[in-house]
Each structure stands twice: as structure tokens, then as C-alpha cells.
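Notes follow once the structure below has been shown.
Since this is a predicted model, take the numbers as computed values, not measurements. Numbered from 1 within each chain, the chains take letters A, B, ... in sequence-line order.
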Protein chains: 2
Amino acid sequence: MARTDGQNLTYRIVQALGVAIVSGAYSVKNPFPIEADLCKQYGASRSVLREAVKMLTAKGLLSARPRQGTWVQPEENWNLLDPDVLRWLMERKPTYALLREFAQVRLAVEPRAAALAAEVATSDMKAAIRTAIAQMAEADRDEEDPLPSDIAFHIAVLRASGNRFYSQLSGVTESALRISIRMQNRYKGVRRASVADHKKISDAILAGDAATAEAAMRYLVQEALDLINKADSAAGSDLRQKVRSGHN
Amino acid sequence: MARTDGQNLTYRIVQALGVAIVSGAYSVKNPFPIEADLCKQYGASRSVLREAVKMLTAKGLLSARPRQGTWVQPEENWNLLDPDVLRWLMERKPTYALLREFAQVRLAVEPRAAALAAEVATSDMKAAIRTAIAQMAEADRDEEDPLPSDIAFHIAVLRASGNRFYSQLSGVTESALRISIRMQNRYKGVRRASVADHKKISDAILAGDAATAEAAMRYLVQEALDLINKADSAAGSDLRQKVRSGHN
DNA sequence: AACAAGGAATGATATGATAATTCGCCTCCG
DNA sequence: CGGAGGCGAATTATCATATCATTCCTTGTT
């Protein structure tokens with residue numbers, strides 16, 4: 001989907017400004033520029049620039065008033081659950097704190113989603129879950145990257161829950177899961193066990209066993225959360241480099 | 001906060017179009033108009049109109065291309081967790097399905113938030129929780145509307161969790177909670193018991209008892225979910241009139 | 001010192017023109 | 001007859017410029 005994928009100038013500016021904002025590039029010392037300056041900086045007309053700013057305003061990142069200029073909103077007003085915002089944050093500032101908080105969201109939602117999926121999943125949805133598991137097993141056998149199928153599994157479960165908010169999280173989740181799971185997979189021992197753990201969830205869902213599915217998913221996500229906490233206490237809080245140096 | 005609160009023309013149009021879109025006003029039979037027509041319809045200039053459309057695009061409601069025009073995105077692409085989008089949906093199309101799905105989100109998140117709050121809440125946050133409970137009890141005694149303090153309580157707990165995503169939900173939640181809780185409160189018997197139930201959660205959080213807080217919150221929200229399911233099976237699926245006829 | 005008036009900075013709105021994209025039609029060639 | 005290529009039109013994207021509205025800041029008056 002990727003609504004802000006840089007086709008046209010406006011979206012490229014949204015992207016650039018969005019990343020700059022969540023990276024903390026603007027502050028009291030370096031306030032957000034006025035329209036005229038931004039136009040010069042990006043070589044764009046006022047229309048384009050204003051439209052970009054409006055999109056960021058719609059995501060809660062900016063606010064503007066005549067004579068007062070445009071300014072970055074306090075972080076608590078950002079729409080963290082907007083796919084773009086979360087992606088910008090995860091790609092540029094994947095702090096342990098953010099990963100942990102996101103893992104807590106997963107811990108809250110994914111077990112419930114698994115339970116619901118066990119109860120209401122359509123055959124299409126079940127097929128998607130089964131496929132993801134099969135590909136995970138295959139990747140594990142062939143020593144390939146299990147990340148894509150791992151993500152596909154979690155997204156399939158969220159969708160299969162039949163809850164639109166949960167499904168929504170799958171979109172939000174994509175980029176966050178990528179970083180989150182990659183981190184988890186860097187521990188080979190954990191990875192091997194992980195395939196079996198995922199299969200257990202899948203089996204329970206396919207069998208319509210909500211309680212088992214919920215418990216198994218809770219175990220898996222709790223494990224991810226524990227790993228983040230462990231890594232956090234073992235290291236600093238900015239893991240940009242560590243994550244990027246992971247394979248692929 | 002209410003970013004689209006109708007101060008200027010642009011935001012008024014965002015509001016009007018947003019409501020129209022989520023209400024299903026546009027379809028194959030009645031496709032989304034082209035810029036020129038919308039300008040005429042709202043008596044606005046192209047700049048303003050394009051900026052409004054861009055904001056709705058940022059929220060996942062619209063998409064546009066040269067020569068193809070602007071069209072409404074399929075519902076699964078809407079940013080349901082955007083405060084504006086959810087508010088528009090809840091105010092115009094509060095179907096039982098949507099309320100149920102939202103209650104499931106609450107069921108997933110709020111117990112965890114209560115548990116976290118018990119562990120990490122600052123004294124400020126604890127004070128907010130205590131205040132909300134006190135006002136709830138007072139409203140109950142004086143036969144006033146317990147809705148505002150009820151909402152304040154749930155929001156205070158979400159914030160006290162220290163998890164930014166949970167806090168985020170409190171903003172998203174405000175309008176949804178309003179409809180959700182109002183519905184719950186229409187049953188007087190439930191309401192009376194409800195104050196005690198809330199107090200139990202509050203006490204556990206203030207005492208730092210995470211497990212009890214979590215269980216008590218789960219019970220409360222599960223009750224809300226059950227109520228929605230009960231009402232759903234007893235009635236049709238559009239409850240606009242019923243909710244509006246509730247007191248206040 | 002308090003207050004009022006006016007100027008200036010900045011976003012909000014309006015208008016008109018041009019560019020880019022893509023769909024549908026038409027023509028011309030095979 | 002069919003298909004490829006081109007041409008025209010529709011629609012958004014971008015640019016440029018002008019004016020309005022809001023509000024901060026200065027300045028002057030009492």
C-alpha cells in the first residue's frame with residue numbers, strides 16, 4: 001500500500017519531513033521553519049509544501065497558526081498507530097523503550113487475536129496461516145531467512161481474528177514486526193524453537209482450540225518481550241547499528 | 001485537542017467529507033467527485049479543497065491519481081485508530097459490530113494497562129485515577145451522569161501504564177468510550193455495581209497489586225463486551241437512535 | 001505604568017496557468 | 001480484421017502571485 005511512497009513531490013516531502021520530525025531534528029533551538037523557508041529548502045511551490053504539511057498535521061505531527069508559524073506537536077499527540085509514523089520511528093529511532101512498548105501491545109492483542117481466530121477464521125484465513133507456517137518450516141530447513149514468513153504468520157492471525165482494529169494493527173505492525181522479530185531471530189537457539197512454537201499456535205487455531213491458541217501465542221510474544229528487556233539491560237538504548245548489522 | 005475542530009475552512013471540509021465518507025455516501029453509483037465539483041459544492045478554492053483531500057488521504061480514506069480522479073479507499077485501508085476517523089465512525093455509524101470489535105480491543109489492552117499502571121504509575125497518575133474514582137462515587141451518590149468520570153478513569157489508567165501506545169488509545173478511545181460506556185450505563189443495575197468494580201481496580205493499582213488490577217479490569221471490560229453482545233442479539237445492528245435517546 | 005493603536009509576520013484562501021499522467025479513441029499499417 | 005502507435009481529453013500535480021485573517025510586537029499616548 002504505502003501511501004507515502006515517494007511517487008510525487010508532495011509525498012517525498014512528507015516522507016522527508018516526517019522522518020526529520022520523528023528523529024527530533026526540530027526543537028526549541030532549531031524550530032520548525034516557516035513555509036517560505038521550507039519551499040526554498042525543498043525547491044517546491046507553496047501549494048505542494050502546504051499539502052505536505054497538512055498531511056503531517058493529519059498524522060498529529062504538526063500544528064500551525066497564522067503569525068505563530070508551524071511547530072512540531074509534543075510526542076504524545078503523534079498518531080503512533082499511523083503506519084507511516086510508526087515506520088518512521090522504527091526505522092530511525094528504534095529505541096529499546098519503543099520496542100518494549102510495542103511488544104506490550106503485541107502481548108495484549110495477539111493472544112486475543114489468536115483466540116478469536118480459532119473461533120471465527122474463515123477457510124481463506126486458515127489457509128493463509130497454514131501457508132505461512134509451511135514457509136517458515138521450509139525456511140528453517142533450508143537455512144533461509146525466516147523473517148518474511150514469520151511476519152506473514154502474525155499478520156495472518158491478526159487478520160483472521162475478524163476484528164478490524166486487530167487487522168489494522170497488522171498494517172501498523174509490519175515495519176515494527178520486522179525490527180522486532182529480526183532481533184529475536186538473531187538468537188539462533190531461539191529461532192529453532194520458534195518454529196515449533198509457531199506451529200503449536202497454528203495447530204490450535206486450525207483446530208478451533210481458542211484457549212490453547214491464546215496461551216501459546218502469549219508464550220511466544222512474552223518471550224519476545226523478555227528478549228527485548230534482556231537486550232536492553234545488556235546494552236545502550238539506541239540499537240540502530242545493532243539491528244542494521246543483522247543479516248539482511 | 002481535536003485537530004479538525006472546524007476553526008478554518010479546510011478543517012470544516014475535512015470534517016464534512018470525512019463524515020460523508022465513513023457514512024458510505026460514496027460508492028460506485030455515486031463516485032467521489034472531482035476537485036472542481038467539490039470546490040463548487042463547498043464554495044472553496046482549489047487550494048483549500050486539495051489540502052482537505054490530502055488530510056483525508058493521510059488518514060487512509062482517499063487516494064488520488066491524475067486522470068483517474070479521487071476515490072474512497074476500501075475500508076480496510078482506513079486508519080481506524082486515527083482519532084478523527086474513529087470518532088466519525090462512532091458518531092455516524094455506531095454499529096454493534098464496531099462496538100464489539102472496539103470492546104475486544106479494550107479487553108485486550110485495558111487489563112494489561114491496569115497491570116502496568118499498578119507497577120509503574122507515578123504519583124501524578126495515581127492522583128488522576130483516585131480523583132476519577134472519587135468523582136464517579138460522587139456522581140453516583142448525587143444521581144448525576146457518571147459518564148465523564150468513568151471515561152476519565154479509563155483514560156487515566158491507560159496513561160498511567162507508561163506505554164505510549166496505550167496512552168494513544170486513550171485519545172482514540174475518548175469518543176468510542178463515550179458511546180460504549182453510555183450504553184453500559186443505561187442499565188441502572190449495572191451502573192450501581194459498576195462504581196464498586198471501578199474502585200476495586202483503582203485500589204489494586206494504588207496498592208501496586210498488578211495481578212488483581214488486571215483481573216478486575218478484565219472482569220469490568222468483559223462485562224461491557226457481554227452487554228454489547230446481549231444488546232446486539234436483542235436488536236438490530238444500527239443503534240444510532242437508541243444511543244442518542246439515552247439521557248444526555 | 002498601563003493601555004491602545006498600528007505595523008508586520010505568518011499561515012489561510014483565492015485565482016489562474018502549466019505540467020504530468022493515463023484513459024479512450026482513432027488511424028494506419030500489417 | 002486486428003493490433004500498434006499516436007493523438008486528444010480529463011484529471012490531478014505543480015507552480016506562481018495576490019489578497020485576507022490572525023496575532024504578536026512595537027510604539028506612542030495618557
Worksheet, complete the sentence: When rounded to whole Å, the CD to P distance for the pair B:Glu51 and C:dT13 reads 7 Å

Worksheet item: Please give, in whole Å, the distance from C:dA14 C1' to B:Tyr42 OH?
Response: 19 Å

Discussion item. Using whole Å, what does the distance between atom C1' of nucleotide C:dA9 and atom CG of A:Asp37 come to?
Written reply: 12 Å

Discussion item. Nearest whole Å is fine: how far is C:dT13 P from B:Arg12 CZ?
Written reply: 8 Å

Worksheet item: Do side-chain atoms of A:Trp78 reach the backbone of A:Gln73 as a donor and acceptor pair under 3.5 angstrom?
Response: yes

Worksheet item: A:Lys40 NZ to D:dC15 C1': how many Å, rounded?
Response: 17 Å

Worksheet entry | Donor-acceptor contact present, side-chain B:Glu101 to main-chain A:Arg164, <3.5 Å | yes

Worksheet item: Are any non-hydrogen side-chain atoms of A:Thr95 and A:Leu98 less than 4.5 angstrom apart?
Response: yes

Item to complete: Report yes if a side-chain nitrogen or oxygen of B:Ser47 is closer than 4.0 Å to either non-bridging phosphate oxygen (OP1 or OP2) of C:dT15; otherwise report no.
Response: no

Discussion item. One character per nucleotide, please: for nucleotides 5-12 of chain D, 5' to 3', B when the base has a protein heavy atom closer than 4.0 Å, S when only the sugar-phosphate does, - otherwise.
Written reply: -----BBB

Worksheet item: Hey, are the side chains of A:Lys29 and A:Tyr26 touching, using non-hydrogen atoms and a 4.5 Å cut-off?
Response: no

Worksheet item: Between A:Ser202 (side chain) and A:His198 (backbone), is there a donor-acceptor pair under 3.5 Å?
Response: no

Item to complete: Write down the distance between CG (B:Asn8) and C1' (D:dT23), rounded to a whole number of angstrom.
Response: 14 Å

Item to complete: Compare side-chain N and O positions of B:Ser45 against OP1 and OP2 of C:dT13 and report whether any pair is under 4.0 Å apart.
Response: no

Worksheet item: Just by distance, do the side chain of B:Lys59 and the backbone of B:Asp82 share a donor-acceptor pair under 3.5 Å?
Response: no

Item to complete: For B:Ile13 and C:dA12, give me the distance from atom CD1 to atom C1', rounded to whole Å.
Response: 12 Å

Worksheet entry | Protein-nucleotide distance (B:Leu49, atom CG; C:dT13, atom P), rounded to Å | 11 Å

